[in-house]
Every structure is written in structure tokens, then in C-alpha cells.
Amino acid sequence: MSRPYGCLAVYRALNNDRIVSSANQSRLRVPRHVAIVMDGNGRWAVRRRLPRTAGHRAGVKSVRTIVEESVRQGVEALTLFAFSSENWRRPKSEVNFLLELFVGALRAEVKRLNENGVRLRVIGERSAFPEKLQWGIAEAEEATKTNEAMLLQVAANYGGRWDITQAARRLAADARAGRIAPEDVDERLFSDRLSFPDLPDPDLFIRTGGEQRISNFLLWQSAYSELYFSELMWPDFDGAAYREALADFGHRQRRFGMTGDQADQAP
Ligand code: IPE
Ligand code: IPE
Ligand code: MG
């Protein structure tokens, strides 16, 4: 994660993918950064005549599987949408359950994250969370901060519009303080104030649960992400399903506005 990721999104994305070889596959491109909307927990449970909360609990197992598979596959950053800025609209009991589940998972998973060399970072407006959860997040981030195999970003109380708005607010404050002039504002200055300016944009954007929408996830950063929609509910999304998504990505041609021939010749 030490490379300087500051240039324009398109240029960054052009240089994002790495070619890796694996034992029994021809050289497949592995996305450096994968973002996932983990959707379908509730429906998974309802189909089994279980309470929706059972689906959320089952979803934690999928998180573990996909994190570990990501490390194995050489993904450098994984961003998981765990709780959106709109999810507060759910029944209070479900919101409370999700927050408690998050507190418990942070506590329970740190050891495993360390074993796998995974550094945790939470993105989103965490000040809205109960103090207990804010502490849990800070502790887990601290306990994993030197890990280098992969960065796991959990988006909690995150919204793409929130992210863009807070970047705009920071730009306005910098302009008012005289640190920048309005005419200095460009894509680089803007993206430097988003939630994770140190990472490349997601190469692959996966949504499980059958819906084909972004639901206010990474609006700016997914400008050139490859989209992949899975019919599987999140608790059923296993290592094999994930590898299928990665393989699908590996066969796509990313053109970034160029012609196919140009893209073939791009570095
Ligand atoms: C995703 O599953 C988890 C969260 C949004 C927290 P859902 O709870 O949205 O599951 P469905 O879409 O109702 O099946
Ligand atoms: C998106 O799922 C948010 C998360 C997975 C955390 P939702 O289930 O909340 O999305 P909508 O409401 O169906 O668009
Ligand atoms: Mg849903």
C-alpha cells in the first residue's frame, strides 16, 4: 500500500490491475481493489422461515470467507458495505441488532485478521454510532494497523453522497482559510478529500442479492469499476462464487474511453 495513489482516477485505474499467475489457470488479472454490497441477508433468512437477524448473523460467516479468499487471491484492498447511511430507516430493533453484531464481530475477528495479516479500517460517519461501537472500531483498527497482506475497509454509516459532501465541505474550508484557491479545485484535489485517497478506485464492484443498483455506495470512486451482480444472497456467497466473479473480471477489457485496440496496447 505504499504507492502514491494521487493522480486522476482514470489514470489510476489504468494501472490498477495486476497480472498474476496461478497454478492451474492461465494468467488472470486480479483486481487490486474489490468493493462489495453485501445484500440479501434478510431474504436469505425469510426464505428459511427465520428472523431477518439470523440472516445478518449468517452474513458474518460470508465476510470471513471472502476476506480470507481475497488475501489468498492477492487482492490488496477489499471494501465491504456493512451499513448504509439509509439503513437507519429500518426498524429500531434491526438497527440495534446490526450495531451489536458489529461490536461483537470486531471483538471476535481481530485475532483472525492478525493471523491473516489484514489491516482493518472503517469508513463512514462513525460519530453517529454508540460510544461502545466507536471504541470497538478504534481498538480493532489499532490492533491491526501494522498488517500488510490486505486492507479491509468496512463501510459503516457510509453513503456515497455523504462522502462527496464531506469532501466538498473540506475543500470549502481550505478555500476560506486561503490554503487553496477556487480555481485550484480539480479531480485530484477533490478525491484527496474523500474517505480513502490512499487507495486505487475499486476495479471490481460486486453486489449480491440480485438487485442491480448502487444504493449510494462508492459513487465517485466507482466511476470506472467493473460491475458484477450475483443472484446469490450474501450468506450463500462463498469462495467459489467469489472466484467466479474474479474470473469474470479477469476476462473483461477495460477501455477507459479508449478504443479496444488502444486498450490492448495500454500498459
Ligand atoms: C444486507 O442485507 C445487509 C444490510 C443492509 C445491513 P439486507 O438486510 O438488505 O437483506 P435483504 O435485501 O432485505 O434481503
Ligand atoms: C445496501 O443494501 C446497503 C448494504 C448492503 C449495507 P440495502 O438493502 O440497504 O439497499 P436497498 O435499500 O435495497 O437499495
Ligand atoms: Mg437489502
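For ligands, and for the atoms within them, numbers begin at 1 and follow the listed sequence. All values reported here derive from a predicted model rather than from experimental measurement.
The protein non-hydrogen atom at the shortest distance from atom 13 (O) of ligand 1 is Arg52 NH1, 3.0 Å. Atom 6 (C) of ligand 1 has Ala82 O, 3.3 Å as its closest protein atom, hydrogens excluded (heavy atom only). Nearest to atom 1 (C) of ligand 1 among the protein's heavy atoms is Met38 O, 3.0 Å. In this structure, atom 10 (O) of ligand 1 lies nearest to the protein heavy atom Gly42 N, 2.9 Å.
The heavy atom nearest to atom 2 (O) of ligand 2, considering only Glu211, Arg207, Arg89, is found in Arg207.
For Arg43, the heavy-atom gap to ligand 2 stays at 4.0 angstrom or more. Residue contact check for ligand 1: Arg90 places a non-hydrogen atom closer than 4.0 Å to it. The closest approach between a heavy atom of Arg213 and any atom of ligand 2 is below 4.0 Å.
Here the straight-line distance linking atom OG of Ser215 with atom CZ of Arg207 works out to 3.5 Å at 0.5 Å rounding.
Using a cut-off of 4.0 Å between Lys/Arg side-chain N and Asp/Glu carboxylate O, Arg243 and Asp238 are scored as not salt-bridged. Salt-bridge formation is detected for the pair Arg112/Glu109: a Lys NZ or Arg NE/NH1/NH2 atom is positioned less than 4.0 Å from an Asp or Glu carboxylate oxygen. A salt bridge does not link Asp203 to Arg29: none of the charged nitrogens lies less than 4.0 Å from a carboxylate oxygen.
For a distance threshold of 2.8 Å, the protein N, O or S atoms nearer than that to the Mg ion (ligand 3), listed by chain and number, are Asp39 OD1.
The aromatic rings of Phe237 and Trp234 sit parallel to each other, their planes meeting at less than 30°, with 60° as the upper class boundary.
In summary, the atoms of ligand 2 found under 4.0 Å from a heavy atom of Val37, numbered by their order in the structure, are 1 (C), 5 (C). For ligand 2, the atoms lying closer than 4.0 Å to a non-hydrogen atom of Phe83 are 6 (C).
Nearest heavy-atom pair, Leu218 versus Pro202, reported as atom, atom and distance to 0.1 Å: CD1-CG, 3.7 Å.
Between Asn41 and ligand 1, at least one N/O pair is under 3.5 Å apart.
Residue pairs meeting the salt bridge (charged side-chain N to carboxylate O under 4.0 Å, His left out) criterion with at least one member in residues 124-136, sequence neighbours excluded, are Glu100-Lys132, Arg126-Glu141.
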